[in-house]
Amino acid sequence: MHFQNLDHPKPQFYDWSGDSFYWITKAQWEDKIAHAYTSRVSKDLKDYETRGEGDSLEIKWVVCEHTFDWEDYRHVRALLNHYYTLHDALHDKLNTYGITLLWDFDRYVSLCDFSELRLFLIELRKKGMAYEDILDEMRARYAIEYSPNYLVSIVSKEVPKKIAQVAKMLRLEQDTPPEQRKKCIHCGRSLPMDLLFFSKNNAHKDKLSNTCKECDRESRIKRGVINGNGDLRKKDPTLH
Ligand SMILES: [Zn+2]
């Protein structure tokens, strides 16, 4: 099965159901990198795992590793839009790249701290439900009326952007060296010096707040400024 990412400037096909890697000869590898559409595919043989030597040298070609980016919300959106089709085709093919993407998608969703209503929308969308039917379900279950445009913007922008942001935060949390971290004076965690983790504060030399965003949020909830889902109380006291 092939799946076209419509957002990409060039038509681009992913072989979702292929094995996660395969071995190719040097000539095949040279052909592949010559035709790679993205600069993110390394042209340096040192970046690849190899086996054998001389004429029998083979290179490990990881399928799609360079073509799906969790930090690009358009990729995440495409995955959500095709979740159902992929799940249907791949649920019993556990060694495929496509199925690990679906697992990762669910894992990221669980880390996003989405509200109950957002999780409900995501589940329906994962099942391939059309927008009008989702609106009906929301009406029936939560007595909430969204405009179709608002629903589309949640599913196609807000949710994928949040997932892409969490993916980036996880990477930064893992990869940032100690000298590029800052300790939150409230919780004591040493976090990357990045606006994803600390709010801007020009009073400080590093232009970042001394408390992390998570602690800021908790203190706002305690003071009653926002509800537990991070929205302003007066704006919406319900489920968002
Ligand atoms: Zn903190």
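Sequence positions, counted from 1, serve as the residue numbers for this chain. Order of listing sets the numbers, starting from 1, for every ligand and every atom in it.
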Colleague: Hey, is K127 close enough to D133 for a salt bridge, meaning N to O under 4.0 Å?
Modeller: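 Judged by the 4.0 Å cut-off on N to carboxylate O distance, K127 and D133 do not form a salt bridge.
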
Colleague: Could you check whether D216 pairs with K213 (Lys NZ or Arg NE/NH1/NH2 to Asp/Glu carboxylate O, under 4.0 Å)?
Modeller: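 Judged by the 4.0 Å cut-off on N to carboxylate O distance, D216 and K213 do not form a salt bridge.
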
Colleague: Sort by chain and number the protein N/O/S atoms found under 2.8 Å from the Zn ion (ligand 1).
Modeller: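 Sorted hits: C184 SG, C187 SG, C212 SG, C215 SG.
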
Colleague: State whether K26 and E58 are salt-bridged, where the test is any N-O pair (Lys NZ or Arg NE/NH1/NH2 against Asp/Glu carboxylate O) under 4.0 Å.
Modeller: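 Salt bridge: no.
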
Colleague: Indicate yes or no: does K126 engage E123 in a salt bridge with an N to O separation below 4.0 Å.
Modeller: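 Yes, this pair counts.
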
Colleague: Using atom types as modelled and distance alone, determine if a side-chain donor or acceptor of Y83 lies under 3.5 Å from a backbone N or O of F105.
Modeller: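 No.
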
Colleague: Look at atom NZ of K168 and say whether more than 12 heavy atoms of other residues, nucleotides or ligands are closer to it than 6.0 Å.
Modeller: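 It does not: K168 NZ has 12 such atoms or fewer within range.
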
